[in-house]
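Please read the structure below before turning to the comments.
As the structure is a prediction and not an experimental result, all values here were calculated from the model.
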Amino acid sequence: MNYYLSASDHVTGPYEKEELVDSLKYGIISSEATICEVGSDYWQPISVLTGKKMDLAPLPQKQLPLETPFTELQERSGAPIRVTNNYYQTKSPGTAVLLEILPGIFFQTFGIGNLYSGNIATGLILMLTYWASCVVNFFLLFVLIGFITWPLTFFAYLVISIISAQKAAERASWQTIMNGTPPVPDSLPRT
């Protein structure tokens, strides 16, 4: 049997009965928390699961959480999610990688995937330093060494930008999931 959990003014779930009992037993969930069986409108103290205190009178109704894009991830990872009335979309690592590869190959522009992921400083640094290295490599073409250094520079920036964009997207997604709010971009001060 599955239940929604209301603790600290946040509703999460659904959780299995055994998971809630274990969390209550080890002190992860407060004994003041309330639960609502999936499909029901009645909230009860969590102690009804252990049978210690049978108070079946309905408590004030709380709003059940909406299905969110985090629900599947929560079920797979078991990570708690702070549920609020606002849901923020997570950043896709696949999209971040594509935004590095495609503009990098076709327009010689790296850093867009990092900008998408909220990694603004790194994205701008990658973009500007690659363009500066292209200018240097252009002049090195006249002494023939540029034919070696330019492709090496291109592949180095391609690999570095892909890895940093993917990691930034994963980090931004986890921050969104764990905090229930979008992450603060790295160029803004954190409060």
Side-chain angles (χ1 to χ4, degrees), residues 5 7-15 19 23 28 65-191:
L5 172 71
S8 303
D9 294 327
H10 298 294
V11 178
T12 58
Y15 300 102
E19 186 178 5
S23 297
I28 297 170
L66 302 172
E67 289 297 319
T68 68
F70 312 127
T71 305
E72 180 183 338
L73 184 58
Q74 178 190 13
E75 290 172 359
R76 283 190 320 203
S77 67
I81 295 177
R82 180 178 166 199
V83 178
T84 62
N85 291 332
N86 297 320
Y87 298 103
Y88 299 96
Q89 188 170 2
T90 58
K91 301 294 184 180
S92 166
T95 302
V97 168
L98 282 177
L99 286 173
E100 287 296 341
I101 293 173
L102 296 177
I105 290 174
F106 294 112
F107 303 112
Q108 298 289 303
T109 303
F110 294 106
I112 296 175
N114 280 283
L115 295 174
Y116 161 79
S117 300
N119 206 2
I120 296 170
T122 303
L124 290 175
I125 289 170
L126 283 169
M127 192 178 295
L128 298 175
T129 57
Y130 180 74
W131 288 341
S133 71
C134 286
V135 170
V136 171
N137 282 319
F138 174 76
F139 289 112
L140 289 176
L141 287 174
F142 294 112
V143 290
L144 301 179
I145 195 159
F147 290 105
I148 296 171
T149 59
W150 202 329
L152 292 176
T153 303
F154 173 81
F155 287 115
Y157 271 86
L158 183 65
V159 169
I160 291 169
S161 66
I162 288 172
I163 291 171
S164 65
Q166 180 183 7
K167 297 293 182 193
E170 290 172 354
R171 185 174 54 249
S173 294
W174 275 106
Q175 281 181 326
T176 301
I177 289 169
M178 297 307 287
N179 298 333
T181 60
V184 177
D186 61 1
S187 62
L188 299 176
R190 298 188 189 277
T191 56

*Checking Thr149 side chain against Asn137 main chain: does a donor-acceptor pair fall under 3.5 Å?*
no
*Any chance you could lay out the side chain to side chain contact (heavy atoms under 4.5 Å, CB included) test for Trp150 and Leu140, step after step, and finish with the verdict?*
CA-CA 9 Å; Trp150 202 329; Leu140 289 176; over 6 Å; no
*Closest heavy-atom contact between Gln166 and Pro93?*
CG-CB, 3.9 Å
*Just wondering, more than 12 heavy atoms not from Ile105 lying within 6.0 Å of its CD1?*
yes
_Side chain Glu100, main chain Gly111, donor-acceptor under 3.5 Å_ = yes
_Separation between CD1 of Ile148 and OG1 of Thr153, rounded to the nearest 0.5 Å_ = 11.5 Å
*Could you check whether the rings of Phe138 and Phe142 sit parallel, tilted or perpendicular, using 30° and 60° as the cut-offs?*
perpendicular
*Which pair of non-hydrogen atoms, one from Ala96 and one from Ala165, has the smallest distance, and what is that distance?*
CB-O, 3.7 Å
*What's the spacing between Phe154 CZ and Gln108 CD if we round to 0.5 Å?*
5.5 Å
*Rounded to the nearest 0.5 Å, what's the gap from OG on Ser161 to CG on Asn119? Could you check?*
11.5 Å
_Pairwise side-chain contact, Met127 with Thr109, heavy-atom cut-off 4.5 Å (strictly under)_ = yes
*Does Ser92 offer a backbone N or O that forms a donor-acceptor pair with the side chain of Tyr116 under 3.5 Å?*
yes
*Any chance you could measure Ser133, atom OG, to Leu128, atom CG, to the nearest 0.5 Å?*
11.0 Å
*With Ile163, which residues qualify under side chain to side chain contact (heavy atoms under 4.5 Å, CB included), at least two apart?*
Val159, Lys167
*For Tyr130, what residues pass the ring pair (Phe, Tyr, Trp, His ring centres under 6.0 Å) criterion, not counting sequence neighbours?*
Phe110, Tyr157
*Who passes side chain to side chain contact (heavy atoms under 4.5 Å, CB included) against Ser164, sequence neighbours left out?*
Asn114, Thr122, Leu126
